Structure formats: structure tokens, C-alpha cells
Amino acid sequence: MEKDTYDRKAAGKRIREKRRQLGITMKEAAEQLGRVPTYYADIERGNCGMSVETMIAISRLYHMSLDYLILGKEDDDRAVKDWEINRTEESEAVYQLLNSVSKRERMYAAKVLRTFLIACSDVGLKEEELQADGNGQLDGLKNG
């Protein structure tokens, strides 16, 4: 049986690549995770390990499985393959839309998309916290 090992440098490289793909700065990532930027930078460099809580937060922020984050293992599950096919089709549709506008408009669209993805990550974390509390409502919607 193959022994799985955690390689901090390799995990940091995977985290850094995902952050760059999403166009998020190290400072923004650290803020989203509630960690100080120097600690986050050390994680990406592989200079330090992470707590389980930090690993979970990073996996949620970047929408990556813990197996991939920690061990670099891709999931061979059928649902993941279906998601990748849909993602490719969706990416192509977005690419075609962006290809029809000016460079300035593409840059603005990228900024809006990055802001949207960060906001979605924030809302996702808050919803999970609320589900753990059992009330199932966001604070702003309780009395509305």
C-alpha cells in the first residue's frame, strides 16, 4: 500500500497556483482567511505547516478538495469529471463573451468576477457557520 505524505512545499505551490489563477493577491487571501499576511506567505512558500482549520478554510476559499490541497491527489469521482466538462463549456462561453469586448472591459470584468468569487466564499462560510448553529438564516435576513 502506498503511503501518503504531506509535503508542505508542494501544498504551498498548489495553493499559490490556485490563488494566482483566481487573480487574488496574497493580502486579499490572508484577509479572507482571517490570517496575517506573513503567515499566509509562509504557507505558500511551504515554510510552515497549517492547522486543520486553516486547511479547511483554504480548501473552501479556493474550491479545492483537501486530498488535492494536502496530497496533490486528483479525485477520480464521476461527479468531478462531470463538473470539469461543465466547467470547460462554461469557460468557453465566458471566453466568447469576453472576446467580443475591449481590453478595458475585460479587465473590469475580471475585477468584478474576482470580487464576486471572494464574496461568494464569504457568504459560503457564513452559511455553514449558521447551519452549525441550527438557525439556517443569515444575520441580515433574520428580521426581514
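Not measured: the values here are computed from a predicted model.
Between Leu33 and Thr54, the closest side-chain pair of non-hydrogen atoms is not below 4.5 Å.
Tyr108 and Ile24 are members of different hydrophobic clusters when ILVMFWY side chains are connected at heavy-atom separations under 4.5 Å. Placement of Leu66 and Ile43 within a single hydrophobic cluster is found when ILVMFWY residues are connected by side-chain heavy-atom separations under 4.5 Å, directly or transitively. The hydrophobic clustering, which links ILVMFWY residues whose side-chain heavy atoms are closer than 4.5 Å, places Val101 and Met107 apart.
Closest of all the heavy-atom pairs between Asn47 and Arg8 is O-NH2, 3.7 Å. Pairing each heavy atom of Met50 with each of Ile15, the nearest pair is CE-CD1, 4.0 Å. The two residues Arg14 and Ile70 come nearest to each other via the heavy atoms NH2-O, 3.1 Å. Taking all atoms of both residues into account, the shortest heavy-atom contact from Ser51 to Tyr39 is N-OH, 4.0 Å. Contact record, Tyr6 with Leu71: N-CD2, 4.3 Å, taken as the closest heavy-atom pair.
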Show me the side-chain donor-acceptor pairs of residues 111-119 shorter than 3.5 Å, one per line, residues at least two apart or across chains.
| unit_1 | atom_1 | unit_2 | atom_2 | d |
| --- | --- | --- | --- | --- |
| Arg114 | NE | Gly23 | O | 3.3 |
| Arg114 | NH1 | Gly23 | O | 2.6 |
| Thr115 | OG1 | Lys111 | O | 2.9 |

One pair to check against side-chain contact (heavy atoms from CB on, under 4.5 Å): Leu22 and His63. What are the steps and the verdict? CA-CA 11 Å; Leu22 294 173; His63 308 285; 5.5 Å; no
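Atoms CD and NZ, on Glu44 and Lys13 in that order, are 12.5 Å from each other to the nearest 0.5 Å. Note: Leu98 CG to Glu105 CD = 10.0 Å, rounded to the nearest 0.5 Å.
Side-chain N or O atoms of Arg16 include none that pairs as donor or acceptor with a backbone N or O of Met26 at under 3.5 Å. When atom types are taken as modelled, the side chain of Arg35 and the backbone of Tyr40 share no donor-acceptor pair closer than 3.5 angstrom.
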